[in-house]
Colleague: 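Pasting a structure here, questions to come.
Chain A is the first sequence line, chain B the second, and so forth, proteins listed ahead of strands; every chain is numbered from 1.
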Amino acid sequence: MSFQKKEFQQLIQWYQAHHQNYPWRLTKDPYAVWISEIMLQQTRIETVLPKYERFMKELPSIHDLATVSEDHLMHFWEGLGYYSRARNLQKAALQIEDRHHGIFPHQLEEIQALTGIGDYTAGAIASFSFGVGVPAIDGNVLRVYSRHEGLYQNVLDPSVKSLVKQQMLPLYTKEKHSDNGDFNQAIMELGEQICLPKNPDCQNCPIQKGCFSFLHHKQGELPIRISKTKKKKEEHSFLIFYTKEAILVHKRPVNGLLANLYEPVNLDFFIDIEDFLQQHQIPVLSYQTLSSHKHIFSHRIWQIQAYAIEVKELFPFPEYQWIEKKKSQHLAFSSAFDPYRSYFYQ
DNA sequence: AACACGGGGCG
DNA sequence: CGCCCAGTGTT
């Protein structure tokens with residue numbers, strides 16, 4: 001399956017007949033396109049609409065943006081979130097005045113060199129405003145493209161996004177042409193109106209005939225999005241209490257993380273060791289703060305601060321038991337405790 | 001490569 | 001209420 005020039009034209013025709021007339025689509029003015037594209041990053045159209053109208057009324061030109069006070073700028077951005085976007089806008093407006101005599105640059109490389117404009121936004125402005133033949137790949141495009149092509153690769157992987165960009169490039173006309181911009185608008189609009197994340201409206205899709213997912217009923221399988229399981233960080237304190245002969249351990253519950261494994265005192269927060277020893281009236285002989293470690297699970301990270309505490313006698317500690325050091329060598333511990341095993345039976 | 005940035009929608 | 005969304009800059 002591959003995207004053809006025919007589909008390029010079909011999508012443009014569909015777009016011209018069906019697209020929404022958002023205010024930023026009534027002009028090719030790069031300033032207007034720029035402001036709208038920055039606002040639309042991670043922000044819904046309905047949220048952007050009123051904010052865009054006010055922003056353009058208050059700051060209708062690059063020079064107005066370059067010279068507005070920080071307070072006013074932030075006020076005009078209120079409610080949009082990601083406030084560094086507004087600060088980057090002003091920074092870029094000043095760059096346009098410095099580098100380009102206040103005229104929005106026409107070249108892709110110059111556009112992307114402006115602060116706050118990355119790969120997607122540069123492609124959007126260059127194609128919408130100047131007809132440059134370059135993709136503008138956002139989440140919509142990746143969904144439409146991967147479904148149409150049957151691309152069974154993780155679209156969240158930057159290298160896959162780069163691959164899609166390379167594969168799309170030949171579709172565009174080399175010369176500047178409004179079709180290039182219209183196609184980019186069209187593929188995104190298709191993602192918003194037809195090729196929805198759930199229940200795509202394939203019956204009304206202008207490019208269903210060449211679509212892998214439509215033909216093979218695989219709309220539910222694509223796009224593939226394997227998010228880097230963002231591991232939750234947890235603070236843990238290991239307290240290795242020991243005498244010459246014994247250490248204090250307990251057996252973890254039969255269910256859950258590291259079920260049935262043994263461990264020294266393991267608290268799910270960081271402690272102040274001095275306070276802890278005093279408050280629990282531990283019969284301390286001496287103690288040592290050990291080097292901290294990270295233990296990485298599939299779904300979480302323990303940030304571990306460990307202490308080795310030699311005590312005078314076998315004091316009671318709820319849920320924990322004293323065992324002979326030589327016996328501890330035959331118990332199963334998680335590898336989270338490996339860096340500290342030597343203290344178990346030294 | 002991992003993380004921060006913010007508001008809103010969704011289950 | 002916690003989870004998810006998804007470009008860009010920073011480290």
Colleague: Are any of A:S84's side-chain N or O atoms less than 4.0 Å away from OP1 or OP2 of B:dA4?
Modeller: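 Negative; the distance criterion is not met.
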
Colleague: When the distance from CZ of A:R87 to C1' of B:dC5 is rounded to whole Å, what number comes out?
Modeller: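 The answer, rounded to whole Å, is 10 Å.
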
Colleague: In whole angstroms, how far is the C1' atom of C:dC5 from the CD1 atom of A:I45?
Modeller: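 Value for this atom pair: 14 Å.
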
Colleague: If you assign A:L80 and A:P158 each to the DNA chain B nucleotide with the nearest heavy atom, which residue ends up on the more 5' nucleotide?
Modeller: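 Nearest nucleotide further toward 5': that of A:P158.
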
Colleague: If the condition is salt bridge (Lys or Arg N to Asp or Glu O under 4.0 Å), which residues does A:K176 pass it with, not counting sequence neighbours?
Modeller: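 Listed in chain order: nothing, the list is empty.
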
Colleague: Parallel, tilted or perpendicular: which fits the ring planes of A:W14 and A:H18, with parallel below 30° and perpendicular above 60°?
Modeller: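 Parallel.
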
Colleague: Across the strands shown, which category fits A:I117 at heavy-atom distances under 4.0 angstrom: base, sugar-phosphate, nothing?
Modeller: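 A:I117: backbone/sugar contact only, no base atoms under 4.0 Å.
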
Colleague: For A:H250 and A:Y320, take the angle between the two ring planes, folded into 0 to 90°, and tell me which bin it lands in: parallel under 30, tilted 30 to 60, perpendicular over 60.
Modeller: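 A:H250 vs A:Y320 ring planes: parallel.
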
Colleague: Quick one: is C:dC5 close enough that its OP1 or OP2 comes under 4.0 Å of any side-chain N or O from A:R225?
Modeller: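 So the side-chain polar atoms of A:R225 do come within 4.0 Å of the phosphate oxygens OP1 or OP2 of C:dC5, strictly under.
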
Colleague: Expressed as a whole number of Å, how far does the P atom of C:dT11 sit from that of B:dG6?
Modeller: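 Between the two P atoms, the distance is 15 Å.
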
Colleague: Does a donor on one side chain sit under 3.5 Å from an acceptor on the other, for A:T121 and A:Q41?
Modeller: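 A:Q41 and A:T121 do have a side-chain donor-acceptor pair below 3.5 Å.
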
Colleague: Nearest-Å distance, CD1 (A:I38) to C1' (C:dA6)?
Modeller: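 A:I38 atom CD1 is separated from C:dA6 atom C1' by 14 Å.
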
Colleague: I'd like the P distance from B:dG11 over to C:dA6, given in whole Å.
Modeller: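 That atom pair is separated by 15 Å.
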
Colleague: When we call it a touch if two heavy atoms are under 4.0 Å apart, what does A:Y82 touch: a base, just sugar-phosphate, or nothing?
Modeller: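 Counting heavy atoms under 4.0 Å across all strands, the contact made by A:Y82 includes a base.
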
Colleague: Take atom CG of A:L114 and atom C1' of C:dT8, then tell me their distance rounded to the nearest Å.
Modeller: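 In whole Å, C:dT8 C1' and A:L114 CG are 13 Å from each other.
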
Colleague: Pick from A:R25, A:H19, A:Q16: which one makes a side chain to side chain contact (heavy atoms under 4.5 Å, CB included) with A:Q185?
Modeller: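 The residue from A:R25, A:H19, A:Q16 that satisfies side chain to side chain contact (heavy atoms under 4.5 Å, CB included) with A:Q185 turns out to be A:R25.
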
Colleague: Which whole number of Å gives the distance between the C1' atom of B:dG9 and that of C:dT8?
Modeller: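 23 Å, rounded to whole Å.
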
Colleague: Would you mind reading off the distance between A:I125 atom CD1 and C:dG7 atom C1', rounded to a whole angstrom?
Modeller: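 Distance check: A:I125 CD1 to C:dG7 C1' gives 13 Å.
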
Colleague: Quick one about A:D98 and A:Q95 (side-chain donor to acceptor, distance below 3.5 Å, no hydrogens or angles considered), yes or no?
Modeller: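 Side chains of A:Q95 and A:D98: no pair found under 3.5 Å.
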
Colleague: Can you check the A:L89 CG to C:dG7 P distance for me, whole Å?
Modeller: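 Roughly 17 Å, once rounded to whole Å.
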
Colleague: Whole angstroms only, please: what is the CE-P distance between A:M39 and B:dC5?
Modeller: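 After rounding, the reported distance stands at 21 Å.
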
Colleague: Rounded to whole angstroms, how far apart are CH2 on A:W34 and P on C:dT8?
Modeller: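 Result: 13 Å.
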
Colleague: I want to check one thing: is the phosphate of C:dT8, taken as OP1 and OP2, less than 4.0 Å away from some side-chain N or O of A:Q41?
Modeller: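 For A:Q41, the contact criterion (side-chain N or O under 4.0 Å from OP1 or OP2 of C:dT8) is met.
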
Colleague: Check the interface with nucleotides 8-11 of chain B: list each N/O to N/O pair with the protein under 3.5 Å, or write none.
Modeller:
unit_1 : atom_1 : unit_2 : atom_2 : d
B:dG11 : OP1    : A:K198 : NZ     : 3.1

Colleague: Is any side-chain heavy atom of A:M188 less than 4.5 Å from a side-chain heavy atom of A:D138?
Modeller: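 Yes, close enough: below the 4.5 Å cut-off.
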
Colleague: Between A:Y172 and A:F183, does the side-chain contact (heavy atoms from CB on, under 4.5 Å) criterion hold? Intermediate values first, please.
Modeller: CA-CA 9 Å; A:Y172 300 83; A:F183 173 71; 3.6 Å; yes

Colleague: Considering just the side-chain nitrogens and oxygens of A:Y83, establish if one lies under 4.0 Å of OP1 or OP2 belonging to B:dG7.
Modeller: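 Yes, such a contact exists.
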
